[in-house]
Asker: 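To start, I am sharing the structure in question, which I have written as structure tokens.
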Amino acid sequence: MESKIVVPATGEKISVDAAGKLVVPNNPIIPFIEGDGIGVDVTPAMLKVVDAAVEKAYKGEKKISWMEIYTGEKSTKIYGDDVWLPAETMDAMREYHVGIKGPLTTPVGGGIRSLNVALRQELDLYVCLRPVRYYEGTPSPVKQPELTDMVIFRENAEDIYAGIEWKADSAEAKKVIDFLQNEMGVKKIRFPENCGIGIKPMSEAGTKRLVRAALEYVIDNDRDSLTLVHKGNIMKFTEGAFKDWGYQLAREEFGAELIDGGPWCQFKNPKTGKNIIVKDVIADAFLQQILLRPAEYDVIATMNLNGDYISDALAAQVGGIGIAPGANIGDGIALFEATHGTAPKYAGQDKVNPGSLILSAEMMLRYMGWFEAADLIVKGMEGAIRNKTVTYDFERLMEGATLRKCSEFADDMISQM
Ligand SMILES: NC(=O)C1=CN([C@@H]2O[C@H](COP(=O)(O)OP(=O)(O)OC[C@H]3O[C@@H](n4cnc5c(N)ncnc54)[C@H](OP(=O)(O)O)[C@@H]3O)[C@@H](O)[C@H]2O)C=CC1
Ligand SMILES: O=C(O)CCC(=O)C(=O)O
Ligand SMILES: [Mg+2]
């Protein structure tokens, strides 16, 4: 198939050295996917804010050359009707190592499977990293939103989110049910007729690489604790195993010692000497405690589906998914993306909050080691919110605020840098 990607005339590829460290030139080429729905609104706003922050921080010494790559509805227009995720998009991500994407639509029930999940799985971006912090002045449904300061490590490659499932009455579903009943002695399928069925894979290797990344983050960022969030009392050999493997890793690789006979354990941060607690909590209890006692939770490691629910819930607690950023990270490769979806009812209206994608780009700049530009984006966000010049999602909850369009909010951020 003929290439549709236009490689910028200037710029170089980011590379990864023998030690696995990212090597970032001063003029990196960075692929981006515009995204469906509100992607047409938030992606241009993000590009503009990032360019302004980089220019202000480095005065022309550093500059990003953006390269558009395609997935989702735009891809079907460019490559042809059924091409949702072209091979050259995947190749570009592997070749250029760092990219950013807008949201992509997944139909409920029938239709295509999630392209977001496909990107994560095929590129083995096994960490979904979603920090949740409060920006002073943001409208929030809780009394002390500033107490919520958590970083979610969501396992991105396993669990039922992977979509290994078969439709009720299909030959495949019948075959799986028949196997379970007749070869595995399963008697607990309540209505085996006309029954859809899904699989929940959870492995030691998948769990440990996620928990290892989370504990390394705790150490590098001098955080207090890691909490394993699971529903292991019910799903013993998947979510329960996640908890057990997580603790095992903390003991065997990080030297954690049991507290009062366990299973909670602790170890000293090798860089700062601070005590780090490793604990666990059952997911339903966690969801009520993050509202009642958020200060007790810091870095979180959890499975794919729990992580999906938890990231939207925590985002709401500090002002909503309009400003909740995220990253999908593998070994030497990362694709940054907003936590929210395509919000189709707002598409193309220049209305929604671009903050989530802009703060995802802020994470990207930090990942590249461009801290000065990242700091300017945070400063811009803090300033725009402090001035109460905000998009509809904040404006409707803030007293005395000025309503700004998506593009105007980006300009406000730039003027506050
Ligand atoms: N990673 C991804 O690409 C993701 C993709 N999706 C996909 O997106 C599609 C739509 O999903 P849906 O469940 O409606 O979830 P969305 O996150 O798209 O939207 C839900 C609601 O969240 C609010 N919202 C979302 N984005 C913004 C924003 N930038 N600024 C302000 N408010 C915002 C709006 O609330 P209000 O109505 O109150 O104004 C919106 O109606 C689905 O196809 C889904 O699969 C979903 C999540 C992630
Ligand atoms: O892929 C999708 O459509 C939804 C993804 C999602 O909700 C998420 O990653 O948070
Ligand atoms: Mg989600």
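Indexing begins at 1, ligand by ligand and atom by atom, following the structure's order.
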Asker: Could you find the nearest protein heavy atom to atom 4 (C) of ligand 2 and give me its residue, atom name and distance?
Answerer: Y161 OH, 3.3 Å
Asker: How about D312: does one of its N, O or S atoms come closer than 2.8 Å to the Mg ion (ligand 3)?
Answerer: no
Asker: Using a plain distance cutoff, I'd like to know if R120 has any nitrogen or oxygen under 3.5 Å from a nitrogen or oxygen of ligand 2.
Answerer: yes
Asker: Y346 ring centre to K351 NZ or CZ under 6.0 Å, with the angle to the axis within 45°?
Answerer: no
Asker: Under 6.0 Å from the six-membered ring centre of F153 and within 45° of its axis: does the NZ or CZ of R130 meet both?
Answerer: no
Asker: Inspect the contact between D51 and K63 and indicate whether a charged nitrogen and a carboxylate oxygen are less than 4.0 angstrom apart.
Answerer: no
Asker: Is R120 near ligand 1, meaning one of its heavy atoms is under 4.0 Å from it?
Answerer: yes
Asker: So is T105 polar-close to ligand 2, meaning N/O to N/O under 3.5 Å?
Answerer: no
Asker: When you check the gap from the basic side-chain N to the acidic O, do K74 and D36 get nearer than 4.0 Å?
Answerer: no
Asker: Could you check which N/O/S atom of D308 is closest to the Mg ion (ligand 3)?
Answerer: OD1
Asker: Atoms of ligand 1 less than 4.0 Å from I38 heavy atoms?
Answerer: 26 (N), 29 (N)
Asker: For atom 10 (C) of ligand 1, which candidate among D308, D393, T342 provides the closest heavy atom?
Answerer: T342
Asker: Taking all atoms of both residues into account, what is the closest heavy-atom pair of Q121 and A157, and its distance?
Answerer: NE2-O, 3.9 Å
Asker: Under a 4.0 Å threshold between the charged nitrogen and the carboxylate oxygen, would E55 count as salt-bridged to K59?
Answerer: no
Asker: Considering only non-hydrogen protein atoms, determine which one is nearest to atom 41 (O) of ligand 1 and report residue, atom name and distance to 0.1 Å.
Answerer: K345 CE, 3.5 Å
Asker: If the cut-off is 4.0 Å to any non-hydrogen atom of L104, which atoms of ligand 1 fall inside it?
Answerer: 3 (O), 5 (C), 6 (N), 7 (C)
Asker: Heavy-atom contact under 4.0 Å between L357 and ligand 1?
Answerer: no
Asker: Can we say D298 and R223 salt-bridge, meaning some charged N sits less than 4.0 Å from an Asp/Glu carboxylate O?
Answerer: yes
